[in-house]
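Read the numbers this way: they start at 1 and go in the same order the structure lists the ligands and their atoms.
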Amino acid sequence: MNELELLKHIYATATAPSAEVPIPPGDDMAMVSVGGRSILVAIDQVVAGCHYDEAVTPLSLVGRKAITRCLSDVAAMAARPLVSLVAATLPVALGERRATELFDAVRETAEHYDCPLIGGDIAIYRQVAGPLVCSVAIMAEPTGLGPIRRAGARVGDRVYVTGVLGGTRADDGLGHHLLFEPRLAEARLLAETLGQRLHAMIDLSDGLGRDASHLAERSGVQIVFDAERIPCRSGAPWRQALSEGEDYELCFVATGEVPSTLEGIPVTAAGEVCRREPGAPLVVVRSGGRNLDATELGWEHRSP
Ligand SMILES: [Mg+2]
């Protein structure tokens, strides 16, 4: 099963956007208008064997990741988190002590990021054996300019990446993919600093190639990266940095001067926005004088 194909089907068959849903499915968060106020909503999940290795990962880090993955989508919109909800399905063998470790971490992480947990649901596999699944929904509010969307990149803009990419999963199964900081403060600082010059943004969960292709598609443009300018984590080749995923950094598109660091995190100009001819790839990487189609280099989620 292909996650992108399934998402396309869901978007195509979704109810048409209404005045109550100014941002429909297809961005990092949807936006609803409630009583004249705009609220952003998103849901994400962490699944044993898919998003972490259950043999080596402490439940405290699983609970942390369930919240921080969702907060990375809040960062992508330069929004401020409000509240969270959690729903978990647990193997019966997990036991009460480990289940408590999981939920304590969910609650503590949510509070740490000013996104208190206000409810949820727990189910336990009894008839069948299944993997631990922890789903988190977050509500957030736009700040300053309003939510920064995936659409808005213009020909001639530059494409920037925060931090370093690739090597997110260490040999022992642990590492950055469990311990990353969602770029909430950096995103809001960016929106404040650049104002209207910040044209589009996405967080990097599925790999720079695939995530940038979402930006390009929504904006109706082509993004061209320079392989030598992709900021790679030490030891990670650019192809890995482009395709591995779980970086949870920001990829944004802007015009004019852009700061070289945000809250101490490096910001790298890695590409540019170009006109996209019909049928041309959404994302291209220039390497050694050749143009490679990077659209399909991103990490594809598949069903376990
Ligand atoms: Mg996202």
Identify, by name, the N, O or S atom of [X] lying closest to the Mg ion (ligand 1).
X	answer
Asp73	OD1
Asp203	OD1
Asp28	OD1

Would you mind telling me which of Arg154, Arg286, Arg229 makes a salt bridge (charged side-chain N to carboxylate O under 4.0 Å, His left out) with Glu272?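 Of all the options given, the one that passes is Arg286.
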Considering only NZ, NE, NH1 and NH2 on the basic side and carboxylate oxygens on the acidic side, decide whether Arg37 and Glu141 come within less than 4.0 Å.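 Salt bridge present between Arg37 and Glu141.
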Would you call Lys65-Glu246 a salt bridge at under 4.0 Å N-O?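 Between Glu246 and Lys65 there is a salt bridge, with a charged N closer than 4.0 Å to a carboxylate O.
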I'd like to know if the side chain of His176 pairs up with that of Arg169 as donor and acceptor (distance under 3.5 Å, no hydrogens or angles considered).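 Short answer, no.
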